[in-house]
Amino acid sequence: MPASPSGHGTSRSRSWWGWGYADAHPDDAECIAMGALLPGTLARPLPIPRVADLSMPRPGVTPPPALTHLLTADPDVRAAHAMGKAYRDIIRALRGRPGRIPDLVARPTDDREVSDLLDWAGGQGVAVIPFGGGSSVVGGVEYRGDTHRAVLSLDLTSMDRVLEIDTAGRSARIQAGALGPVLEEQLRPHGVTLRHFPQSFEFSTLGGWLATRAGGHYATGRTHIDDFVQSLRVVTPAGSGASWRLPASGAGPSPDRMFLGSEGALGVITEAWMRLQERPRHRASASVAFTGFRPALEAVRAIAQSDLSPANCRLLDPGEALLSGASHDGSSVLVLGFESATSRVDDRLASALELARAHGGRGGTPSADRDSPADAAVSAWRSVFLRMPYLRDGLARMGAVVDTFETAATWDRVPALIDAVRTEVGSAASKATGHPATVNCRLTHVYPDGAAPYFTVAVAGRPGDEVRIWDDIKAAASDVLHRYRATITHHHAVGRDHRPGYDLQRPDPFALALRAAKDALDPRRILNPGVLID
């Protein structure tokens, strides 16, 4: 059955230089208050950057008349498509050095227009950077280099409709440019949901999730976007095609797997059939405090290896717990949540709490079975979780170097890995800046065989030298991850920033096959140059 089209759902202006909405950023007074918590930051925040102050050359290429209606050279639009939203991107914008700004931005509305734009770009030597919501934190949506005549940002957000819903098979055919809220708005009248909610939900698209193998908010079970894919439609410079829509198949290597995580380097994902779920009606949550972090890790492992499947199972170390307001006494805090579309979840929460208490956890009064959790720690964590990217940008305005990175490793390596990151990355940050550094950790996703630690690093920088410091910290973190055979990324993709770590992680024969695929599908090497392969 067809679904009703939807608009973008908000008239609020996006920030061209920072995270999210322009009106949600901390004001100067809040920036100064945050900076006071990090010795060595600036006395006053850096000013909000203006597009008018950027050095923006005229487009280096002229499109044919048949494509001009799809393209714009508007300075504001070009600036908003120059970078993603990593700390490295934010500080470059604040310092007026955003890197190579695209010459043109295209907004196609269907596959034919995407194909026409790729044909023209290939003939003219124009690099094409597929662009969804622009929330990449790994350098995935910018051009670095000088080998192409011009740069085209291919913005897919005009392709944002749920085209078809199969109620019997509980799945939907969705255009790749649909932002999270736009997608869910169209599914809601049918009583279904994709149930994929990354932190960037408001500002990222289905196609971006697929191209980066994004992870959602849910800590166990089906959380990576891979788990929801039924079939993909992809446009490449060598042609277009779609995989069959099937519940499962054992017919050779999966064609979908070639493009999931390909980050726009092999083709442009334009549509996907996605598996849906009923909307949850029953919820319950609680938090548990632990005196020590190691016993808390053991509690989380026990819960992950049970069959309880909590929707949320986030372990916050004392620093993260303090930062979020979940604890002020030096405790580690485990945030637990359960939900279901069909039955109450109180018993599952009670069983998880019993496991946590068996490992030394204390507290954990279950909330009522409703949308708003009664547990104060759970409420505090949720509030800070959504606000955190804006706070990071405020600290960047104070000259602080603030970074987050995540990984995943097997349980036998997780404790030592976390200790090594805290020690070595903290030391590298202090050495690079001369200031004390803070390194906090939380577990965002847990599995029976391992976990995904997520780290936050904060330190006062040196004015004008923030990017080099960030690079030094990133290199130190990547070295620790490689040494412990922990993945370079769990859900933030490879982009350009994680290329060195990805090159070390992947087997050589696979790299050979990937280069061959690039040669076959993108022989002129115009699609997102520098991502995944050279």
Side-chain angles (χ1 to χ4, degrees), residues 37 199 217-220 283-306 308-339 345-388 391 404 406 411 414-419 421-423 426 438-448 450-458:
L37 301 176
Q199 189 179 35
H217 167 74
Y218 296 99
T220 67
R283 295 182 176 88
S285 58
S287 66
V288 186
F290 292 82
T291 302
F293 190 71
R294 286 295 183 95
L297 281 176
E298 289 301 309
V300 170
R301 183 168 67 88
I303 293 170
Q305 292 175 348
S306 71
L308 297 172
S309 298
N312 197 3
C313 187
R314 302 225 172 185
L315 176 60
L316 316 178
D317 75 1
E320 283 283 328
L322 178 64
L323 187 64
S324 67
S327 172
H328 299 277
D329 63 0
S331 297
S332 296
V333 175
L334 173 59
V335 177
L336 288 168
F338 289 82
E339 65 177 36
V345 293
D346 307 74
D347 289 347
R348 287 161 57 196
L349 175 59
S351 295
L353 290 173
E354 185 177 342
L355 285 171
R357 291 177 186 132
H359 289 84
R362 62 186 190 276
T365 302
S367 72
D369 191 5
R370 59 188 183 185
D371 286 350
S372 298
D375 188 290
V378 176
S379 297
W381 170 80
R382 287 185 178 177
S383 177
V384 173
F385 175 75
L386 295 174
R387 181 72 174 147
M388 186 57 68
L391 301 180
T404 61
E406 49 22 283
W411 281 117
V414 165
L417 167 67
I418 292 173
D419 288 345
V421 168
R422 284 176 175 150
T423 300
T438 298
V439 182
N440 295 330
C441 175
R442 66 182 184 265
L443 300 189
T444 60
H445 301 75
V446 294
Y447 306 92
Y454 190 110
F455 299 94
T456 301
V457 184

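FYI, side chains are in, hydrogens and waters are out, and symmetry mates aren't considered; it's all heavy atoms of this structure. Count residues from 1 along the sequence.
Pairing each heavy atom of Glu339 with each of Val345, the nearest pair is C-CG1, 3.7 Å. Scanning all heavy atoms of the two residues, the minimum distance from Ala326 to Val333 falls at O-CG2, 4.0 Å. In terms of heavy atoms, Leu315 sits closest to Ala296 at CD1-CB, 3.6 Å. Here the shortest heavy-atom pairing between Met388 and Gln199 reads CB-NE2, 4.3 Å.
Ala451 pairs by the side-chain contact (heavy atoms from CB on, under 4.5 Å) definition with Trp411, Val414, Leu443, Val446, not counting sequence neighbours. Residues passing the ring-ring contact (aromatic ring centres under 6.0 Å, His included) test with Tyr218: none are found, sequence neighbours excluded. With sequence neighbours left out, the side-chain contact (heavy atoms from CB on, under 4.5 Å) criterion links Ala299 to Phe290, His359. Take Phe293 and apply the ring-ring contact (aromatic ring centres under 6.0 Å, His included) test, not counting sequence neighbours, and it matches no residue. Not counting sequence neighbours, Ser309 has no partner by the side-chain hydrogen bond (donor to acceptor under 3.5 Å, both in side chains) test.
Residue pairs meeting the side-chain hydrogen bond (donor to acceptor under 3.5 Å, both in side chains) criterion with at least one partner in residues 290-300, sequence neighbours excluded, are Thr291-Arg362, Arg294-Asp419, Glu298-Arg301.
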Problem - From CA spacing to verdict: side-chain contact (heavy atoms from CB on, under 4.5 Å), Leu336, Cys313 - result: CA-CA 5 Å; Leu336 288 168; Cys313 187; 3.9 Å; yes
Practice task
Assess whether side-chain contact (heavy atoms from CB on, under 4.5 Å) is satisfied between Ser306 and Leu355, documenting all intermediate values.
Solution key: CA-CA 9 Å; Ser306 71; Leu355 285 171; 4.2 Å; yes
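The shortest side-chain heavy-atom distance between Pro453 and Val421 does not fall under the 4.5 Å cut-off.
Without hydrogens or angle criteria, Arg314 side chain to Val335 main chain gives no donor-acceptor distance under 3.5 Å. For Thr220 (side chain) and Pro310 (main-chain N/O), a donor-acceptor pair under 3.5 Å exists by modelled atom type. Gln305 places a side-chain N or O within 3.5 Å of a backbone atom of Pro448 that can act as its donor or acceptor partner.
Screening Ser332, Cys441, Ser324 against Leu316 for a side chain to side chain contact (heavy atoms under 4.5 Å, CB included) leaves a single residue, Ser324. Screening Asp317, Thr456, Leu323 for a side chain to side chain contact (heavy atoms under 4.5 Å, CB included) involving Arg442 leaves a single residue, Thr456.
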